[in-house]
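Note that ligands are numbered from 1 as they come in the structure, with each ligand's atoms numbered from 1 the same way.
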Amino acid sequence: MRILLVEDDPLLGEGVRAGLAQDDHAVDWVRDGAAADAALRAGRFALVILDLGLPRLAGLEVLRAQRARGDATPVLVLTARDAVADRIEGLDTGADDYLVKPFDLGELKARARALVRRAAGRGAPELRHGDLVVDPAAHTVRLGGAPVELSPSEFAVLHELLRNAGRVLSREQLEDSLYGFGGEIESNAVEVYVHRLRRKLGAGLIKTIRGVGYLVEKAARGG
Ligand code: CA
C-alpha cells in the first residue's frame with residue numbers, strides 16, 4: 001500500500017522509509033509540513049505517518065487541514081518524549097494513534113497494520129477471499145491451506161486489490177500502491193503482475209473491468 005511519511009529528521013526518516021519499503025509498501029517521504037499538505041491534496045494514501053514538529057507548516061496544521069477537507073485517511077502521529085500535550089492535541093485534532101520517539105520499527109509497522117485494518121472496518125488481521133488467506137504481517141499467502149510464493153510486487157498488487165475488495169481500482173491506482181515518488185515503472189507492469197497472480201491463484205479472482213481497471217469482488221462471507 002502507499003504510505004505518506006512526513007519526517008524532517010533525515011536519519012529517522014530514512015530508517016522508517018527503508019523499514020516500510022522492506023515490507024513492499026510504496027513510501028512517499030516528504031520533509032516539511034507544506035510538502036505534506038501538497039502531497040495529501042494530490043494523492044491517495046492508505047496511511048499517513050506524521051511527525052508533529054516540522055518546518056514550514058506544523059504537523060497539527062497539516063492534520064487539521066486534512067480533516068477539514070473530509071479526508072479520513074488514517075494518521076499515525078510521531079511525537080517527542082514528554083510531549084503529552086502534543087499527543088492529546090494530536091488525537092483531538094483527528095489523529096488515530098501516536099508513537100513516542102524513539103520507537104521500535106516493529107511496533108510502528110504493527111500499529112500501521114492495525115490502523116489500516118480498522119479504517120477498512122476489519123477486525124481480523126488476515127485478508128480472506130474464499131479459500132485464499134493473505135497475512136499482511138507475515139507476508140504469506142495460502143490458497144486452500146497451501147502456501148503460494150509471490151514476488152514482492154505481486155504481493156503488493158494482491159494486497160491492494162483485497163484491501164479494496166468490491167471497488168474497481170484503475171491501473172494508475174495499482175501503480176501508486178507499488179511505487180512512491182520517483183519510482184520507475186514499466187507501462188505494462190500492472191498487467192504483468194495481474195497475469196501472474198491469475199496463473200498462481202486462479203483466473204476467476206481478479207476481474208478485468210474493461211476501460212476502468214481491476215476488481216476483486218467482495219467475499220460473500222468474512223473478508
Ligand atoms: Ca521533527
Could you tell me whether Arg69 and Asp37 have a side-chain N and a carboxylate O separated by less than 4.0 Å?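 Asp37 and Arg69: salt-bridged.
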State whether Lys200 and Glu154 are salt-bridged, where the test is any N-O pair (Lys NZ or Arg NE/NH1/NH2 against Asp/Glu carboxylate O) under 4.0 Å.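 Salt bridge present between Lys200 and Glu154.
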Excluding sequence neighbours, so at least two apart, what forms salt bridge (Lys or Arg N to Asp or Glu O under 4.0 Å) with Glu191?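 So Glu191 forms a salt bridge (Lys or Arg N to Asp or Glu O under 4.0 Å) with Arg171.
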Give the table of side-chain donor-acceptor pairs shorter than 3.5 Å for residues 11-18, with sequence neighbours excluded, one pair per line with atom names and distance.
{"unit_1": "Glu14", "atom_1": "OE1", "unit_2": "Arg17", "atom_2": "NE", "d": "3.1"}
{"unit_1": "Glu14", "atom_1": "OE2", "unit_2": "Arg17", "atom_2": "NH2", "d": "2.9"}

Tell me every residue that passes ring pair (Phe, Tyr, Trp, His ring centres under 6.0 Å) with His139, counting only those two or more places apart in sequence or in another chain.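 Checked His139 against ring pair (Phe, Tyr, Trp, His ring centres under 6.0 Å); matches are Phe155.
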Number of protein N/O/S atoms less than 3.0 Å from the Ca ion (ligand 1)?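 N, O or S atoms of the protein closer than 3.0 Å: 3.
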Does either side chain, that of Thr208 or that of Arg198, offer a donor lying less than 3.5 Å from an acceptor on the other one?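 Yes - a donor-acceptor pair under 3.5 Å links their side chains.
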